[in-house]
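Reviewing the structure listed below.
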Amino acid sequence: MGLLNKISAWRETKRGVKHCTFNPNGPGVVRIHLIPPRFSLFKNPPYIVILNGYYLLPLGPSWALLLSRFIDEVNAFDGKPITDEAYKEIAARTVRRTAKAYPVVSSGALYDDLLDMTQILFAIARGENADVEIEKMSLRTYAAYMKAPHRMDLMVSAMTDRMGRWQCNQKCMFCYAAGEQLGKTKEMTLAEWCDVIEKLRRAGVPMLTFTGGEPTGRADLAQMISHAKWFVTRLNTNGTRLDAELVAALCAAELDSVQITLYAADAEIHNKLVGGMHHQETVAGIRTALAGGLDVSVNTPLCRLNADYISTLRFLFELGVRFVTVSGLICTGSAAHDHAQYDLTKEELFGILREAKAFCDEHGMEIDFTSPGLVDAVALESIGMRVPACGAALSNMAIAPDGTVIPCQSWLGTGGALGNILTDDFDTVWTHPLAKKLRGMTDDAAKSCPFRGEDI
């Protein structure tokens with residue numbers, strides 16, 4: 001690609017991330033975020049496309065320019081359904097605009113490129129076979145060209161109220177958020193969080209996770225999520241308050257997905273791990289969320305008490321859950337000192353995962369393991385599972401209830417503050433020495449969590 005075309009592509013997207021939602025009311029909704037790199041005349045870093053807040057793909061400048069203009073034309077439909085005829089109209093306008101930047105390329109060639117690109121993107125976003133080989137890309141090697149993480153976790157609720165009284169409706173045995181920082185901070189108001197959300201949009205963060213504490217304890221949660229419609233939004237919750245009224249409000253706010261934590265199918269085990277009689281409420285929340293049309297996944301942190309994960313998977317399958325995540329213990333918060341006797345070994349965790357993967361494959365479920373370093377990478381690859389890596393200050397960051405920015409939620413109370421989103425410029429937070437140090441880890445080092453005894 002010539003230098004002039006490269007500059008043209010950069011100018012087209014230099015204002016920041018571009019976003020559109022193709023057929024927002026489904027079926028087959030596709031959310032596209034196009035993220036430009038920091039500009040360089042002499043290097044050629046790819047643009048990044050994030051599909052439905054999950055799939056990450058590199059894109060060259062010429063296709064980035066084409067996609068940028070396609071996004072503009074989709075947004076002109078303002079949420080209306082896009083039929084085959086409407087797509088042809090969008091494509092024609094996209095090609096006409098793009099042809100001005102490529103006068104020696106025929107309109108037919110541009111149209112074919114657009115068709116090829118959108119077919120690939122839509123197939124990947126919908127979990128279908130794209131029938132194309134996608135270049136593998138290490139996000140860590142791309143970090144120098146990033147201006148913001150791809151996900152920000154908003155910890156909108158604290159563990160205690162302003163009087164210091166316990167606020168979360170559970171007292172989980174291994175709560176990573178039960179440390180000093182989240183317990184003693186006051187919560188920002190709705191107006192403050194909305195200002196933060198706008199600041200993150202301008203910074204180019206495409207995905208937000210609303211978490212806590214327990215975020216459903218806030219009466220203004222749906223309003224907050226509604227304010228974030230530009231983003232891919234996710235809610236992390238214990239599910240106990242997901243009644244029909246709240247689920248309807250979350251759907252109206254266009255929440256993209258909800259992750260609910262269930263420790264076990266066995267009520268006694270679950271209740272022991274969450275510190276209260278909440279199993280029935282959480283299961284009811286899962287049922288209500290599914291019935292209400294939310295995209296539901298269920299997360300299970302594993303330890304010795306709930307190691308019979310197959311029983312939990314079978315229970316979830318019968319409920320109608322089709323996507324699950326599983327982790328080991330995060331050794332911060334209340335698990336910082338008392339986790340050793342409950343920890344599973346690498347071999348034990350792998351044995352559970354191997355059995356779980358086989359069950360999920362057989363029953364049409366998807367499973368993801370999220371704890372870096374707790375299972376051997378080669379072993380995970382041998383059963384067809386993704387190898388997790390530390391994304392702190394790279395793919396994700398977190399904001400505590402008072403606005404303090406930390407590399408990820410596990411850094412609560414560790415002295416790892418990168419600044420405060422209310423008072424600091426985002427670029428100052430992004431380029432903090434600790435953030436740069438974390439992004440500077442090698443790919444191999446990032447396969448282990450710093451909180452499991454590794455020196456970053």
Using the rule given for side chain to side chain contact (heavy atoms under 4.5 Å, CB included), can you reason through Leu121 versus Val30, listing the C-alpha separation, both sets of side-chain angles and the distance that settles it, and then say yes or no?
CA-CA 9 Å; Leu121 297 182; Val30 177; 5.7 Å; no

Are the side chain of Asn420 and the backbone of Asp402 linked by a donor-acceptor contact shorter than 3.5 Å?
yes

Evaluate Ile50 against Val17 for side chain to side chain contact (heavy atoms under 4.5 Å, CB included), listing each step before the verdict.
CA-CA 10 Å; Ile50 300 180; Val17 176; over 6 Å; no

Calculate, to the nearest 0.5 Å, the distance between atoms OG and CD1 belonging to Ser297 and Ile260 respectively.
8.0 Å

Considering non-hydrogen atoms only, spot the tightest contact between Trp193 and Arg218 and give its length.
NE1-NH1, 3.5 Å

Rounded to the nearest 0.5 Å, what separation is found between the CZ atom of Phe315 and the CG atom of Asp266?
10.5 Å

So does Asn299 get a backbone contact from the side chain of Gln259, meaning a donor-acceptor N/O pair under 3.5 Å?
no

Any heavy-atom pair between the side chains of Phe231 and Leu200 that's under 4.5 Å?
yes

Count the heavy atoms of every other residue, nucleotide or ligand shown that sit under 6.0 Å from NZ of Lys199, and state whether that count exceeds 12.
yes

Verdict with reasoning, Thr237 to Glu214, per side-chain hydrogen bond (donor to acceptor under 3.5 Å, both in side chains):
CA-CA 6 Å; Thr237 174; Glu214 176 46 46; 2.7 Å; yes

Any side-chain to backbone donor/acceptor pair from Arg439 onto Ala393? Under 3.5 Å, distance only.
yes

Carboxylate-amine/guanidinium proximity below 4.0 Å for Asp368 and Arg386
yes

Could you tell me whether the side chain of Tyr342 reaches within less than 4.5 Å of the side chain of Leu273, counting heavy atoms only?
no

Could you tell me whether the side chain of Ser226 and the main chain of Gln223 form a donor-acceptor pair under 3.5 Å?
no

NE2/His150 to CD1/Ile35 distance, rounded to the nearest 0.5 angstrom?
4.0 Å

Side chain His363, main chain Met365, donor-acceptor under 3.5 Å
no

Here the pair of heavy atoms bringing Leu418 nearest to Ala435 is CD2-N, 3.9 Å

Just wondering, do Phe350 and Ile383 contact through their side chains at under 4.5 Å, heavy atoms?
yes

Heavy-atom count around Glu192 CD within 6.0 Å, excluding the residue itself: above 12?
yes

Parallel, tilted or perpendicular: which describes the rings of Phe22 and Phe122, with under 30° parallel and over 60° perpendicular?
tilted

In Å, rounded to the nearest 0.5 Å, how long is the span from OG1 of Thr233 to CZ of Phe210?
6.5 Å

What one should report as the nearest heavy-atom pair of Leu34 and Ala64 is CD2-O, 3.5 Å

Stepwise side chain to side chain contact (heavy atoms under 4.5 Å, CB included) test for Val326 and Leu302
CA-CA 7 Å; Val326 62; Leu302 288 174; 3.2 Å; yes

Test side-chain hydrogen bond (donor to acceptor under 3.5 Å, both in side chains) on Asp153 and Gln409 and set out the steps.
CA-CA 8 Å; Asp153 297 335; Gln409 292 184 63; 3.2 Å; yes

Locate the shortest heavy-atom distance separating Lys147 from Phe426; write the atom from each residue and the value.
O-CE2, 3.7 Å

Between Arg304 and Asp343, is there a donor-acceptor pair closer than 3.5 Å when you use the side chain of the first and the backbone of the second?
yes

All heavy atoms of Arg234 vs all of Asn236, minimum pair found to be NE-OD1, 3.6 Å

Answer yes or no: does atom NZ of Lys272 have more than 12 heavy-atom neighbours from other residues, nucleotides or ligands under 6.0 Å?
no

Which word best sums up how the rings of His279 and His270 line up, parallel for under 30°, tilted for 30 to 60°, or perpendicular for over 60°?
perpendicular

First locate atom CZ of Phe323, then atom OG of Ser257, and finally report the distance between them rounded to the nearest 0.5 Å.
9.0 Å

Spell out, as yes or no, whether a donor-acceptor pair under 3.5 Å connects the side chain of Trp430 to the backbone of Met146.
yes

Working to the nearest 0.5 Å, report the span between NE2 of His227 and CG of Asp195.
7.0 Å

Donor on one side chain, acceptor on other, Asn306 and Thr300, under 3.5 Å:
no

What one should report as the nearest heavy-atom pair of Gly328 and Leu374 is CA-CD1, 3.6 Å

Return yes if some donor-acceptor pair links the side-chain N/O of Asn238 with the main-chain N/O of Thr282 below 3.5 Å, else return no.
no

Are Thr442 and Asp444 close enough, and set up right, to give a side-chain hydrogen bond (donor to acceptor under 3.5 Å, both in side chains), and what steps lead you there?
CA-CA 5 Å; Thr442 65; Asp444 284 341; 5.5 Å; no

Gln170 and Glu281: CA distance, side-chain angles, deciding distance, side-chain hydrogen bond (donor to acceptor under 3.5 Å, both in side chains) verdict
CA-CA 12 Å; Gln170 294 188 160; Glu281 295 172 337; over 6 Å; no

